[in-house]
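Data block below; observations after.
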Amino acid sequence: MSLVEWPRTVDDAIALQERLRTQVITTSAPDLHIDTVAGLDVGYRDTGLCNDSVVGVCVVFDAKTLAVLDEVVVEGTTDFPYIAGLFAFREMPVLLQALDRATVTPDLLVADGQGIAHPRRFGLACHLGVHTGIPSIGVAKNPMGRFDPPGTKRGSTSDVVMDGADGDEVVGRALRTQDGVKPVFVSVGHKIDLDRACTEVLRLAPRYRLPETTRRADTLTRQSASPAGS
DNA sequence: GCGACAG
DNA sequence: ATCTTGTCGC
């Protein structure tokens with residue numbers, strides 16, 4: 001595959017997000033069955049600059065047993081600097097390559113970052129979902145909005161809100177995946193509703209704070225970016 | 001002008 | 001994201 005009209009400037013990137021945000025669907029299809037879930041993540045060598053060497057990872061899990069069905073690691077480079085809000089333009093290319101090489105087409109994509117919990121309501125998870133047509137969600141370690149601490153028990157949630165045209169907008173949820181741990185921040189990417197998104201994340205995180213998808217993808221990421229790879 | 005700001 | 005060992009605690 002290839003990306004059509006991929007922006008090179010900040011202005012073009014923002015314009016593209018403004019144009020694509022209208023395509024996002026925040027509801028689940030009646031027949032949405034999630035049997036396989038993919039965790040996507042990117043690792044870096046030299047950060048901050050533009051042409052950094054990166055490693056894209058796609059790990060596919062059996063949603064029910066959490067068994068790993070496939071793992072793909074792709075090396076590449078990025079030509080976009082890290083800018084909060086334009087994060088997707090840095091990771092999308094290599095992530096799509098990794099996803100393409102997977103032998104199993106996942107029913108759900110779990111991105112390391114935000115979905116619609118984004119200044120223009122179009123974070124990385126939305127980019128991935130709209131581009132592929134596959135339902136997607138964003139699971140971030142840090143919030144992109146205001147929220148009150150959720151209850152202390154696993155499964156507790158609280159709304160994450162951001163300023164919108166009509167006042168406050170609920171853009172995601174702070175979700176406690178384990179008793180007493182810092183919550184993760186879940187937001188819809190595409191073709192799935194927030195409740196379902198949280199349910200899936202809880203199922204993916206039976207033991208640790210972060211879902212197995214991001215944990216495994218993260219491990220593979222540095223296993224190929226730090227030691228003696230490339 | 002100042003502080004915030006996913007990975 | 002990344003630099004990075006041992007250590008405090010359940």
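Residue numbering restarts at 1 for every chain, and letters A, B, ... go by the order of the sequence lines.
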Where the side chain of A/T77 meets the backbone of A/D52, is there a donor-acceptor pair that is under 3.5 Å apart?
-> no
Read 5' to 3' with Watson-Crick or G-U pairs under 3.5 Å, [ ] for crossing pairs and | for partners on another strand, DNA chain B gives .......
Picking from C/dT2, B/dA6, B/dG7, the nucleotide nearest the side-chain atoms of A/D112 would be B/dG7
Point to revise | Atom CG of A/D31: over 12 foreign heavy atoms under 6.0 Å | key: yes
List the atom pairs, donor and acceptor, that lie under 3.5 Å between side-chain atoms in residues 8-16 of chain A and the rest of the protein, sequence neighbours left out.
from: A/T9; atom 1: OG1; to: A/D12; atom 2: N; distance (Å): 3.1
from: A/T9; atom 1: OG1; to: A/D12; atom 2: OD2; distance (Å): 3.3

Could you list the donor-acceptor pairs under 3.5 angstrom formed by side chains in residues 63-72 of chain A, with sequence neighbours left out?
from: A/T65; atom 1: OG1; to: A/D62; atom 2: OD1; distance (Å): 3.4
from: A/T65; atom 1: OG1; to: A/A67; atom 2: N; distance (Å): 3.2
from: A/D70; atom 1: OD2; to: A/T103; atom 2: N; distance (Å): 2.8
from: A/D70; atom 1: OD2; to: A/T103; atom 2: OG1; distance (Å): 3.1
from: A/E71; atom 1: OE1; to: A/R216; atom 2: NH2; distance (Å): 3.3
from: A/E71; atom 1: OE2; to: A/R216; atom 2: NE; distance (Å): 2.6
from: A/E71; atom 1: OE2; to: A/R216; atom 2: NH2; distance (Å): 3.0

Which protein N or O atoms sit under 3.5 Å from an N or O of nucleotides 6-10 of chain C?
none

Here the distance between atom C1' of B/dC5 and atom CG of A/L86, to the nearest Å, is 11 Å
Per side chain to side chain contact (heavy atoms under 4.5 Å, CB included), A/D112 is matched among A/T214, A/T221, A/L95 by A/T214
Distance col, row A/L128:CG vs A/E91:CD, nearest 0.5 angstrom, shows 9.0 Å
When rounded to whole Å, the OH to C1' distance for the pair A/Y44 and C/dC3 reads 17 Å
### Query
With a non-hydrogen cut-off below 4.0 angstrom, is A/L40 in contact with a base, only sugar-phosphate, or nothing?
nothing
Worksheet item: Base, sugar-phosphate alone, or nothing: which one does A/G138 contact when heavy atoms must sit under 4.0 Å apart?
Response: nothing
Should A/Y82 be counted as stacked on B/dG7, where stacking needs a ring-centre gap under 5.5 Å and an angle between planes under 30 degrees? yes
Listing for DNA chain C: consecutive Watson-Crick or G-U pair runs of at least 3, distance cutoff 3.5 Å, ranges ordered by first number, gives none
Which atom pairs, donor and acceptor, lie under 3.5 Å between side-chain atoms of residues 178-189 of chain A and protein residues at least two apart or in another chain?
from: A/Q178; atom 1: NE2; to: A/A205; atom 2: O; distance (Å): 2.9
from: A/Q178; atom 1: NE2; to: A/Y208; atom 2: O; distance (Å): 3.2
from: A/D179; atom 1: OD1; to: A/R154; atom 2: N; distance (Å): 2.8
from: A/D179; atom 1: OD2; to: A/K153; atom 2: NZ; distance (Å): 3.1
from: A/K182; atom 1: NZ; to: A/N142; atom 2: OD1; distance (Å): 3.0
from: A/S187; atom 1: OG; to: A/G115; atom 2: N; distance (Å): 2.6

Angle class for the A/Y82/A/F87 ring planes (parallel below 30°, perpendicular above 60°, tilted otherwise)? perpendicular
Quiz prompt | Phosphate OP1/OP2 of B/dG7 contacted by A/N142 side-chain N/O (<4.0 Å) | solution = yes
